Amino acid sequence: MALRVYNTLSKQKEDFQTVQPGKVSMYLCGPTVYKPSHIGHMVGPVIFDTVKRYLSYNGFDVTYVINITDVDDKLINRARENNTSIEALAAEMSEDYFDCLKTIGVDTVDEFPRATKYIGEMQKIIGRLVESNKAYPLNGDVYFEVTSDDDYGKLSRRNVDDMLAGTRVQANDQKHNPADFALWKGAKEGEPGWDSPWGRGRPGWHIECSAMSMKILGESIDIHGGGLDLLFPHHENELAQSESCTGKPFARYWMHNGLMQSADASKIGGAHDASGDAVPDQQSQEANKLAGSLGAESVKTAVFAKFAPETVRFFLLSTHYRSPIPLSEDSLVDTGKSLEGFYRLFDAYERVTGHSFYDIGAATSRDQTVSLDEDPADFFGELSHLRDRFLQAMDDDFNTGGGIGVLFEMRKCINGFVVQQKLDAGGSTDEAAIAAWATAMTLLKELASLLGVFRQPQETSGPTDDAFAGQLMDLIIEVRAIARKDKQFDIADKIRDGLTALNVTLEDRPDGTDWRRE
RNA sequence: GGCGCCGUAGCCAAGUGGUCUAAGGCAGCGGAUUGCAAAUCCGCCAUCCCGGGUUCGAAUCCCGGCGGCGCCUCCA
């Protein structure tokens, strides 16, 4: 089955056809770097990182760009409040953003262009629009003339007339049409600015993405992504100004991810931290409180400090990317629990074979997927079927949730094989069976890598898991083993119960006793 | 007022015209295994918000309700 992608522009899934054969250009709207990243900032990058992994696996040469907005009102205000420069604040907050991306396993991004480095490009576009009468200067600003674009509104499916009815748009100023939007904003007293043919000022919100996308990836790109909240007005305006400038389709596929919401379905982030003149009502304050530390605050301190980054990534990918993601502490806890079975499987594999799952070199292209032709036929036959289902899910508009389900089934299938072949019962020498196990693990690694998970061991060691604790546990286990050998089960159980109370779980295996902290 | 989305088991969630009396996870309940546990395996656990309609056939399409949500505010 061919890859199909949902396109916001057509409102349907389309066969994936690139502008240039074998190449994919992908642009994701990134953050305004004025405060530490919250978990919502991770959603898009993780999704499109996964998209890139899957496209690469399918043989495409993908270029993935995320922009950094480093000039903006929020940035200006925040820098002023903090008594720092815009540059310093932007630098600090982009570092925070990059750290977070790295932590959550987003490492496929090719370039993070900064808006302030492309002012010249933006001015070129604005100049062309003004020349062709699709934009007009007004009191130091420059506005895009929406009525000059006959298909304005095609992305978000609205027309200018409908839009104005009932909005809070002030019938203000002298704009030709209230829906006209700023390409260039004249600098007020004390604001940063750049010289331009229309006076000193700074770019409007949308123009930076047009400029960077065109300059870095070309006038027509394959995928333009972003959160659903950006659909209007940001993407609509970006599209309008870009196509009005070049006369070419700006992006082939518009992909929009659902937004993260707190458990009671209120959006995280939201108007509360915006301009400050929005007065949050009591209910939304409550909602914000629920989202609380998890959603609204720095993802580093609120989320990564409590949950393994891999758990967070898995959680983000377990819902379809176009759906809202209901965030709650409980759902992250559940996700974490659901992953433990994988980690135990990896442990068992290493215990028996001496090889780490994380060292397995799996295929990175669909053409070179692991061969499942040899015996034992039943086991490999099932694995092969699971692989097909995984790829089918991913082929269908990157259905990572469906793919994750298949991964769980694969885990069960492999565990079943291990039990059936008694591979983990201590000292198995069945080389053919162990080889089959290794093959299965290679496949699991291959598919998990497409989601960007199970790439590295998770740091599970807590502060007390030091060498001393290990030595103590070795001693306790040894003493308990003697008790068990002598059938002094009351003693053995007292030890185990005592450890349980300390959140230490013992596992008696045929070949010894393992322990872990919960 | 305009544009749009969603409603699947206790919870999360895939499936969007037939293989669906519906994948998978968490929780729960039986069983195997174990000295007992833990882990693992096997089994059980939903007719898809409600009412009409289209169709040989609908969770899936259409209409109408009810419920939830988003955008129209430079929030990813």
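Everything quoted here is computed from the prediction, not taken from an experiment. We use all heavy atoms of the structure for the numbers below, so side chains are in, but hydrogens, waters and symmetry mates are not. Quick note on labels: first sequence line is chain A, next is B, and so on, each numbered from 1.
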* Asked: Do Asp474(A) and Glu478(A) come close enough that some side-chain heavy atom pair is under 4.5 Å?
  ->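 When only atoms from C-beta onward are counted, Glu478(A) and Asp474(A) do not touch, as no gap falls below 4.5 Å.
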
* Test side chain to side chain donor-acceptor pair (under 3.5 Å) applied to Tyr118(A) - qualifying residues, sequence neighbours left out ->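 Side chain to side chain donor-acceptor pair (under 3.5 Å) check on Tyr118(A) returns nothing, list empty.
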
Can you identify which nucleotide, out of [options], has its nearest atom closest to the [X] side chain?
{"X": "Asp334(A)", "options": "G25(B), A76(B), C36(B)", "answer": "G25(B)"}
{"X": "Lys412(A)", "options": "C3(B), G25(B), C75(B)", "answer": "G25(B)"}
{"X": "Phe489(A)", "options": "A14(B), A76(B), G35(B)", "answer": "G35(B)"}

Assigned partner base of [N], Watson-Crick or wobble definition, under 3.5 Å:
{"N": "U40(B)", "value": "A32(B)"}
{"N": "G24(B)", "value": "C12(B)"}
{"N": "U60(B)", "value": "none"}
{"N": "G67(B)", "value": "C6(B)"}

May I ask you to say what [X] touches in the nucleic acid, namely base, sugar-phosphate or nothing, with a heavy-atom cut-off under 4.0 Å?
{"X": "His320(A)", "answer": "sugar-phosphate"}
{"X": "Asn415(A)", "answer": "sugar-phosphate"}
{"X": "Gly30(A)", "answer": "sugar-phosphate"}
{"X": "Phe408(A)", "answer": "sugar-phosphate"}
{"X": "Leu231(A)", "answer": "nothing"}
{"X": "Arg351(A)", "answer": "nothing"}

Whether the side chain of [X] and the base of [N] hold a donor-acceptor pair under 3.5 Å is what I'd like checked.
{"X": "Arg496(A)", "N": "A37(B)", "value": "yes"}
{"X": "Arg484(A)", "N": "G35(B)", "value": "yes"}
{"X": "Asp493(A)", "N": "G35(B)", "value": "yes"}

* To do: Answer yes or no for Lys74(A) and Tyr34(A): cation-pi contact, defined as NZ/CZ to six-membered ring centre under 6.0 Å and angle to ring axis within 45°.
  =>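 Here Lys74(A) passes the 6.0 Å and 45° test against Tyr34(A).
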
* Asked: Does Arg158(A) count as lying over the ring of Phe232(A), i.e. NZ or CZ under 6.0 Å from the six-ring centre, within 45 degrees of the axis?
  ->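 The answer is yes, since Arg158(A) meets both limits relative to Phe232(A).
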
* **Aromatic plane relationship, Tyr54(A) with Phe398(A) - under 30° parallel, 30 to 60° tilted, over 60° perpendicular** =>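 Rings of Phe398(A) and Tyr54(A): perpendicular, as their planes differ by over 60°.
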
* **Presence of Lys11(A) side-chain N/O under 4.0 Å of C5(B) phosphate oxygens OP1/OP2** =>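 Lys11(A) to C5(B) OP1/OP2: side-chain N or O found under 4.0 Å.
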
* Asked: Is the phosphate of A14(B), meaning OP1 or OP2, less than 4.0 Å from a side-chain N or O of Asn399(A)?
  ->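 Checking A14(B) against Asn399(A), no side-chain N or O comes under 4.0 Å of OP1 or OP2.
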
